[in-house]
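Each remark here refers to the structure printed beneath this line.
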Number of protein chains: 2
Amino acid sequence: MAAAAPRRQPTLDQVAERAGVSRSAASRVINKAPHVSRATRDAVERAIKEMGYLPDRTARALATRQTGIVALAVSHDDPELFADPFFAQVIVGVSAALEETDLHLLLCLASSGRGRSRLTNLLQTRGVDGVMLMALRGDDPLTHIVRQAGVPAVYGGRPLHFEPQWYVDSDNAGGARLATEHLIGLGRTRVVTITGQICTEVGEARYRGYREAMIMAGLTPHGTAEGDFTEAGGAAAMRTLLDRHPDLDAVFAASDNMAAGALRVLAEAGRSVPADVAVVGFDDLQIAERTEPPLTTVHQSIQDLGKEMTRMLLGLIAGQERSSIILPTRLVQRGSA
Amino acid sequence: MAAAAPRRQPTLDQVAERAGVSRSAASRVINKAPHVSRATRDAVERAIKEMGYLPDRTARALATRQTGIVALAVSHDDPELFADPFFAQVIVGVSAALEETDLHLLLCLASSGRGRSRLTNLLQTRGVDGVMLMALRGDDPLTHIVRQAGVPAVYGGRPLHFEPQWYVDSDNAGGARLATEHLIGLGRTRVVTITGQICTEVGEARYRGYREAMIMAGLTPHGTAEGDFTEAGGAAAMRTLLDRHPDLDAVFAASDNMAAGALRVLAEAGRSVPADVAVVGFDDLQIAERTEPPLTTVHQSIQDLGKEMTRMLLGLIAGQERSSIILPTRLVQRGSA
DNA sequence: TACGTGACTGGAAGCGCTTCCAGTTTCCGT
DNA sequence: ACGGAAACTGGAAGCGCTTCCAGTCACGTA
């Protein structure tokens with residue numbers, strides 16, 4: 001190793017000695033605590049500057065019982081799931097919110113059993129001040145561990161069949177309603193939907209929104225096929241729907257990726273979009289601007305999701321009461337509907 | 001807060017007391033140190049189990065002067081850069097390598113001045129055991145800070161005009177050579193290139209590889225246009241090239257995104273790919289499989305990059321000597337060449 | 001002048017763990 | 001039976017910081 005000079009960084013004791021005051025006085029200056037005379041403060045500050053002193057994080061953490069670190073945990077069976085740009089956006093949001101604080105972000109990809117036990121250990125050994133949990137299933141043992149470890153925790157999205165005490169989620173049902181209502185407003189009546197996995201909260205909520213909108217408009221849900229949020233899955237579902245409901249005149253796809261697959265299949269089938277069939281997606285990913293025609297879709301701000309999760313967690317760590325948040329969605333009109 | 005029972009976790013002292021041994025003995029058992037009798041070990045292990053003891057990370061960190069945390073720092077001016085799927089892949093690789101250890105990953109997006117100073121502080125206050133640096137410019141002050149803080153550091157990719165002591169990088173020049181040679185092997189002689197920003201190491205290296213291959217084959221570089229690694233940039237560059245070198249019969253684009261833009265422009269211009277113009281990209285991103293025609297491209301394993309960086313860093317932390325690594329690339333043939 | 005008040009100070013006790021060291025025990029070979 | 005090495009043990013000194021507390025001091029008021 002090119003380990004730097006073996007001389008260690010100066011300690012608080014040395015600073016205090018140089019400033020000619022006690023260690024406690026020096027500590028007070030550093031922490032901007034009250035009851036410090038002008039003379040003491042000046043002396044300590046000068047010593048700090050001269051020695052290039054910086055307090056040791058670890059020692060401070062031990063004394064204050066605060067690590068200055070929060071974790072973002074992505075718990076899921078598929079290790080590749082993290083490659084979804086969704087998480088990058090969340091992280092950008094989280095980082096932005098953290099930027100204004102002195103906290104740092106620990107990222108935990110807990111897909112394997114080993115990964116999960118590492119995370120568990122991290123929480124139980126008081127390695128972080130709080131944790132944000134994402135992408136976990138309702139029966140994920142993590143929910144139990146987190147609760148038991150007594151670590152402040154906020155959820156990003158809700159697991160199915162489990163309402164966490166504190167969470168931030170996009171208004172999935174509302175967005176789906178928005179999309180469906182838009183299609184209905186266009187005069188379409190034979191609106192079908194391509195859902196995500198119904199065994200996920202997101203998949204279920206977006207399907208629910210579609211149903212609600214249809215029923216509110218006095219229509220009956222015209223046709224449903226379950227996809228898996230991917231482009232290929234969307235294409236397959238679209239083929240199924242065309243087959244079963246050749247008269248369909250609109251489709252609400254629960255993700256942009258699925259909508260892209262659907263568009264491809266519709267083109268192959270000779271249906272023109274939006275003339276014959278109107279299509280709306282969900283997510284407003286980059287892909288939505290590049291489909292042919294460009295995709296009308298429901299926008300959700302994933303960075304905001306990250307930001308709000310972080311703010312909520314900071315509040316909880318500070319001991320404040322908070323309430324869960326549902327983030328709004330909005331329709332972005334492009335060419336497909 | 002729903003803070004769990006205020007009763008704190010048991011400490012090592014309590015475990016020792018319960019086991020009827022000294023704290024040092026208990027510590028030895030936990031750390032699997034030698035010189036522990038069977039009886040002592042059993043007693044301590046039983047006490048640990050009964051009390052549900054887990055050592056406190058922070059206290060241990062203070063005593064051992066090891067935090068058990070490594071940082072991945074992405075230092076760049078554009079906060080959105082992190083949204084590039086590239087980083088997600090790196091993180092997946094890093095996580096996989098870390099999974100086998102007891103270390104955790106701290107993620108630092110240091111784009112703003114504030115972010116950079118936070119990172120600086122983290123390193124100087126001994127908040128992490130080592131750091132992996134990515135996407136920084138040659139003159140990034142971070143390189144200096146890292147050096148001065150004496151924190152083990154490995155670079156992912158090389159900044160321009162600066163060869164870090166330890167780094168992992170893809171063989172960009174070699175890959176570009178591979179791509180260009182492939183085009184030449186196809187009988188193309190009027191091969192042009194769309195480069196990335198030449199003011200980046202990657203951009204420069206891939207351009208260099210192209211030139212080398214051309215010259216080795218006795219050809220003169222036929223035309224060059226600088227893009228910015230994006231699809232739009234690639235499209236613009238392609239238009240320029242078509243305009244200046246209407247006779248071109250092949251193009252090597254320094255990224256898949258740019259290649260996708262180029263394909264679009266070529267189609268608009270009525271050039272058929274690969275018949276009239278053969279195209280090769282670089283990166284082998286998902287988009288390469290979806291272009292029309294599917295893109296022949298140079299594959300690099302970004303997860304491996306993350307893994308190797310991590311292994312190297314772990315080695316450095318453990319005090320081993322290491323040497324920098326250049327990861328191989330390979331050509332993936334699809335329809336465009 | 002005496003006294004209560006509040007600002008300021010440093011000593012000392014932690015935070016929970018590792019590790020050095022000196023002392024004790026055990027177990028050989030002889 | 002005995003000397004010595006090797007295995008084991010617990011006391012104590014840290015790691016570097018925060019914070020409680022008892023004490024000092026200067027001040028304004030009665």
Side-chain angles (χ1 to χ4, degrees), chain A residues 6-45 47-48 51-69 102 121-122 124-129, chain B residues 6-45 47-48 51-69 102 121-122 124-129:
Chain A
R7 82 157 193 303
R8 294 229 275 244
Q9 293 270 358
T11 71
L12 187 57
D13 276 309
Q14 296 169 29
V15 169
E17 186 178 349
R18 172 142 188 168
V21 302
S22 75
R23 178 178 14 172
S24 9
S27 177
R28 273 183 227 115
V29 171
I30 288 169
N31 295 305
K32 304 201 193 309
H35 306 313
V36 176
S37 70
R38 181 61 194 266
T40 299
R41 177 185 333 283
D42 287 352
V44 172
E45 280 173 353
I48 288 177
M51 309 177 75
Y53 170 79
L54 283 170
D56 182 290
R57 253 169 208 276
T58 316
R60 185 176 272 193
L62 180 58
T64 61
R65 312 187 59 73
Q66 292 258 299
T67 61
I69 300 177
D102 273 321
N121 184 267
L122 181 73
Q124 293 180 333
T125 56
R126 288 130 282 166
V128 295
D129 295 340
Chain B
R7 82 157 195 303
R8 293 229 275 245
Q9 293 270 359
T11 70
L12 186 57
D13 275 308
Q14 296 169 30
V15 168
E17 186 179 350
R18 172 146 191 163
V21 302
S22 74
R23 177 179 11 170
S24 7
S27 176
R28 273 182 228 114
V29 171
I30 289 169
N31 295 304
K32 305 198 191 311
H35 306 315
V36 175
S37 71
R38 182 61 194 265
T40 299
R41 180 189 326 285
D42 288 350
V44 172
E45 279 172 354
I48 288 177
M51 309 179 74
Y53 169 79
L54 284 170
D56 182 289
R57 249 168 212 277
T58 315
R60 185 175 271 194
L62 181 58
T64 61
R65 310 187 59 72
Q66 292 258 303
T67 62
I69 301 176
D102 273 319
N121 185 267
L122 181 74
Q124 293 180 332
T125 56
R126 287 131 282 163
V128 295
D129 294 340

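- B:L122 contributes atom CG, which lies 7.5 Å from atom CD1 of A:I69 (distance to the nearest 0.5 angstrom).
- With salt bridges taken as basic N to acidic carboxylate O contacts below 4.0 Å, none links A:R60 and A:D56.
- Checking the phosphate oxygens (OP1, OP2) of C:dG16, no side-chain nitrogen or oxygen of B:R23 falls inside 4.0 Å.
- Per the geometry, CD belonging to A:Q9 stands 10 Å off P belonging to D:dG16, to the nearest Å.
- Rounded to a whole Å, the NZ atom of B:K32 is 18 Å from the C1' atom of C:dT19.
- Looking at which nucleotide of DNA chain D each of B:H35 and B:A63 is closest to, the 5′-most match is held by B:H35.
- A:R57 contributes atom CZ, which lies 12.5 Å from atom CD of A:Q66 (distance to the nearest 0.5 angstrom).
- Closest of all the heavy-atom pairs between A:L62 and B:L62 is CD2-CD2, 3.3 Å.
- A close approach under 4.0 Å does not occur between any side-chain nitrogen or oxygen of A:T58 and OP1 or OP2 of D:dC17.
- Residue B:S22 places no side-chain N or O under 4.0 Å from the OP1 or OP2 atom of D:dT9.
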Tabulate below the donor-acceptor pairs under 3.5 Å that side-chain atoms of residues 12-19 of chain B make, not counting sequence neighbours, or state none.
from: B:D13; atom 1: OD1; to: B:R23; atom 2: NE; distance (Å): 3.2
from: B:R18; atom 1: NE; to: B:E50; atom 2: OE1; distance (Å): 2.9
from: B:R18; atom 1: NH2; to: B:E50; atom 2: OE1; distance (Å): 2.9

Give the B/S/- string for nucleotides 20-28 of chain C, one per nucleotide from 5' to 3', where a protein heavy atom under 4.0 Å of the base yields B, of only the sugar-phosphate yields S, and otherwise -. B--------

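- The side-chain heavy atoms of B:I30 and B:I48, taken from C-beta on, include a pair separated by under 4.5 Å.
- Put simply, CG on A:D56 is 13 Å from C1' on D:dT18, counting in whole angstrom units.
- Distance from the side chain of A:V36 is smallest for C:dT9 among the nucleotides C:dC17, C:dT9, D:dC17.
- The line from NE2 of A:H35 to CZ of A:R28 is 8.5 Å long, rounded to the nearest 0.5 Å.
- If you check every strand for non-hydrogen atoms under 4.0 Å, A:T64 touches sugar and phosphate atoms only.
- Nearest-nucleotide mapping onto DNA chain D: of B:L62 and B:S37, the residue sitting toward the 5' end is B:S37.
- The side chain of B:R65 places an N or O atom within less than 4.0 Å of a non-bridging phosphate oxygen (OP1 or OP2) of D:dG16.
- Atom C1' of nucleotide D:dT18 and atom CD of A:Q66 are separated by 13 Å, given to the nearest angstrom.
- Using a 4.5 Å heavy-atom threshold, the side chains of B:V29 and B:E45 count as touching.
- With C:dG10, C:dT19, D:dT9 as the choices, the nucleotide that has an atom nearest any side-chain atom of B:T40 turns out to be D:dT9.
- Contact annotation: A:R60 does not reach the phosphate of D:dG16 (side-chain N/O to OP1 or OP2, under 4.0 Å).
- Interatomic distance, CD of B:Q9 versus OG1 of A:T125, reported as 9.0 Å (0.5 Å rounding).
- By the 4.5 Å heavy-atom criterion applied to side chains, B:V36 and B:V44 are not counted as neighbours.
- In this structure, of C:dC17, C:dT19, D:dA7, it is C:dC17 that holds the atom nearest to the side chain of B:P55.
- Whole-Å rounding puts the A:R126 CZ to C:dG16 C1' distance at 9 Å.
- The interatomic distance linking A:I30 (CD1) with D:dG16 (P) rounds to 14 Å, in whole Å.
- DNA chain C is contacted by A:V21 of residues 11-21 of chain A, taking any non-hydrogen atom closer than 4.0 Å.
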